[in-house]
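Below: the structure, in structure tokens.
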Amino acid sequence: MTTNHPRSMSRIAVASLVGTTIEFYDFLIYGAAAALVFGPLFFPSLGPGAATVASIATFGVAFVVRPLGAILFGHFGDRLGRKKTLVTTLLMMGGSTFAIGLMPTAATIGAAAPIILVLLRALQGLALGGEWAGAALLTSEYADPGKRGKYSMFPQLGPGLGVALSSATFLAASLLMSPEAFTSWGWRIPFLGSAVLVGLGLWVRLNIAETPSFSRVAARHEQVTLPFADAIREQWRQILLGGGMLSMTFAIFYIATVFLTGYAGRTPDVGVLGLPRNTILVANMVGALVLSAGVIASAVLSDRVGRRRVLLTGTVLGIIVGPVAFAIMQPGNSFSFVVAVCLLMLVLAIPYGPAAAYLPELFRARYRYTGAGMAYNLAGILGGAVPLIVADPLIHRFGVNGIALFLSGLALLSTVCLLALRETKDRALDVEPASLPRHPGRPTTAPIAASPRIG
């Protein structure tokens, strides 16, 4: 196999990192705004508490459409190429985020405001549904086999850096203006400012080449007509198990960065734990740095000891981290809250780091974009949408133990799913078993990527 030049890999890594950071920044500033200001602006008739719950629920809309984004953009990514598709997802995310910054509120256009907000949020979800798999393939399909974990960490740094940037932006806006000004118009600045970041990301992505794996598939005219159908027919177990495996990481991430923002400090300043808004934003920034450091360490380690061993370590620790973290934060002071958030971020980083190498290694090249994207975004529904919907009712009925044990249950699910999958670290991305089904009416697929055995 030809070794990629270090400068070429550095450019690919930067393209993957910049793109996912921008997309997660755009995606997550909505979560911060939903927890901090969207309730009274778009759902004023519900009252403060219910309005905040409703605005956080609109955050979950994106998770419902993310699998559709994985199918849609996976189709084009597997047929037209990774690069073109990633440029499209970046533009769609940037456009919908900028439009949210221009949105009139319910005081201006009434009931139409939350409807338009939800539609724009759905477009964000559609874009992010197609983003992650393409960014993961960008690094994993370029990297040498022994360094696949190392380079695949770059798209995994996007969520951590996105949290840090979005929290820092809201913190700066909050510090530089009065609470009234921030609620009135200051919240728009992070959304409108994303246009600059999107321009940077677009320039980076337009200056990279197509991945070697897709280039070989295209050169042999082996693109399939319906990648979604082939992925479901041939590797549906990997899609389901891959989604279940990552559900814990999604749940911990969005509980820590979105739900706890509202739980610890309702709009405008003080909430359940009695913490100021700025303290919560600082906690998110510190937690994001811990997440990024953990992702780097676990991704690099997976090249040495294997993906599965690292992933299992994280999911097993995830079974206990929920109850421990919620117990730590109960005193309701700033220090205990920061420690609890950092603990949650550290544990989720362990399985999340190797995921961008592991999921692509599970699927064949001709529908790898679609298969990896579907698994990842299935995890988004199980671990992202569902916990945000049930967290508030669980806490009201069972106290913090309700949501803590819910996280433990998802971690147990992730562990069981992972035990049903095999190690992939040494699997070549261009080797496929001779027993691959042949389908009449389209070219026979030459060796590409091995399907891991289940069980």
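Position 1 is the first residue of the sequence, and the numbers go up from there. The structure displayed is predicted, hence computed values, not measured ones. Note: hydrogens, waters and symmetry copies are ignored here, and every other heavy atom, side chains too, is used.
L346 has its side chain out of reach of V321: every pair of non-hydrogen atoms, C-beta onward, lies at least 4.5 Å apart. No side-chain heavy atom of F253 sits less than 4.5 Å from a side-chain heavy atom of V258. Within the 4.5 Å cutoff, side-chain heavy atoms of M245 are placed close to those of L359. Within the 4.5 Å cutoff, side-chain heavy atoms of Y25 are placed close to those of P190. Inter-residue side-chain proximity for M93 and V198 is flagged as unmet; no heavy-atom pair is nearer than 4.5 Å. Residues T315 and I319 have side chains not in contact (no heavy-atom distance under 4.5 Å, counting atoms from C-beta outward). A heavy-atom distance below 4.5 Å is found between the side chains of I100 and F38. Using a 4.5 Å cut-off on side-chain heavy atoms (C-beta onward), F228 and Y367 make no contact.
Looking at residues two or more places apart in sequence or on another chain, you find a ring pair (Phe, Tyr, Trp, His ring centres under 6.0 Å) between F182 and F170. Listed by chain and residue number, Y376 satisfy the ring pair (Phe, Tyr, Trp, His ring centres under 6.0 Å) test with F250 (two or more places apart in sequence, or in another chain).
Nearest heavy-atom pair, A355 versus L246, reported as atom, atom and distance to 0.1 Å: CB-CD2, 3.9 Å. Minimum heavy-atom separation, S166 to I29: CB-CG2, 3.3 Å.
The main-chain N or O of D392 is found under 3.5 Å from a side-chain atom of H396 such that the two form a donor-acceptor pair. Looking only at distances, no side-chain donor or acceptor of R205 sits under 3.5 Å from a matching main-chain atom of V87. Side chain of S16 to main chain of A135: a donor-acceptor pair is present (N/O by atom type, distance under 3.5 Å, no hydrogens or angles). Side chain of T370 to main chain of G74: a donor-acceptor pair is present (N/O by atom type, distance under 3.5 Å, no hydrogens or angles). With hydrogens and angles ignored, the 3.5 Å screen pairs a side-chain donor or acceptor of T139 with a backbone N or O of A136. The backbone N or O of R364 lies less than 3.5 Å from a partner atom in the side chain of Q235, making a donor-acceptor pair. Side chain of Q238 to main chain of F363: no donor-acceptor pair is present (N/O by atom type, distance under 3.5 Å, no hydrogens or angles). Between the side chain of K83 and the backbone N or O of I208 there is at least one donor-acceptor pair closer than 3.5 Å. In terms of modelled atom types and a separation under 3.5 Å, the side chain of Q156 and the main chain of Y352 share a donor-acceptor contact. With K150 contributing its side chain and A299 its backbone, the two residues share no donor-acceptor pair below 3.5 Å.
Remark: D26 CG to Q124 CD distance equals 6.5 Å, nearest 0.5 Å. To the nearest 0.5 Å, atoms CG (L137) and CH2 (W132) are separated by 8.5 Å. Distance check, rounded to the nearest 0.5 Å: CG of L410 to OG1 of T415 gives 10.5 Å. From L240, atom CG reaches atom CD1 of I232 across 7.5 Å, with rounding to the nearest 0.5 Å. The structure places CG of L289 at 10.0 Å from CE of M345, a figure rounded to the nearest 0.5 Å. Here the straight-line distance linking atom OH of Y151 with atom CG of L138 works out to 13.0 Å at 0.5 Å rounding.
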Show the atom names and distances, to 0.1 Å, of all donor-acceptor pairs under 3.5 Å that link a side chain in residues 62-70 to residues at least two apart or in another chain.
| residue | atom | partner | partner atom | Å |
| --- | --- | --- | --- | --- |
| R66 | NE | N377 | OD1 | 2.9 |

Note to self: Between T183 and L41, is the side chain to side chain contact (heavy atoms under 4.5 Å, CB included) condition met? List the steps.
What the structure shows: CA-CA 8 Å; T183 302; L41 293 178; 4.3 Å; yes
Notebook entry, point to check: Are F259 and I395 close enough, and set up right, to give a side chain to side chain contact (heavy atoms under 4.5 Å, CB included), and what steps lead you there?
Noted result: CA-CA 11 Å; F259 176 76; I395 283 185; 3.5 Å; yes
Next item on the list: Would you please test T20 and F154 for side chain to side chain contact (heavy atoms under 4.5 Å, CB included) and show each step?
Entry: CA-CA 9 Å; T20 52; F154 287 95; over 6 Å; no
Item checked: Residue pair Y358, S302: steps toward the side-chain hydrogen bond (donor to acceptor under 3.5 Å, both in side chains) verdict -> CA-CA 9 Å; Y358 190 67; S302 75; over 6 Å; no
Notebook entry, point to check: What's the verdict on salt bridge (charged side-chain N to carboxylate O under 4.0 Å, His left out) for E131 and R82, showing C-alpha distance, side-chain angles and the deciding distance?
Noted result: CA-CA 10 Å; E131 162 67 25; R82 321 312 194 200; over 6 Å; no
Next item on the list: Applying side-chain hydrogen bond (donor to acceptor under 3.5 Å, both in side chains), run through S414 and S247 and close with a yes or a no.
Entry: CA-CA 6 Å; S414 294; S247 61; 3.2 Å; yes
Margin query: Let's go through L419 and L312 carefully: what are the C-alpha distance in whole Å and the side-chain angles of both, what is the deciding distance for side chain to side chain contact (heavy atoms under 4.5 Å, CB included) to 0.1 Å, and is it a yes or a no?
Written below: CA-CA 8 Å; L419 289 172; L312 273 172; 3.9 Å; yes
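At a threshold of 4.0 Å, the pair D230-R366 counts as salt-bridged, since one of the basic side-chain nitrogens sits closer than that to a carboxylate oxygen. R308 has no carboxylate O lying under 4.0 Å from a charged side-chain N of E361, or vice versa, which leaves the two without a salt bridge. A salt bridge is absent between E423 and R307: the closest approach of a Lys/Arg side-chain nitrogen to an acidic carboxylate oxygen does not fall below 4.0 angstrom.
Put simply, the residue from I280, V341, L171 that forms a side chain to side chain contact (heavy atoms under 4.5 Å, CB included) with M285 is L171.
Between Y369 and F76, a ring centre-to-centre spacing not shorter than 6.0 Å is recorded.
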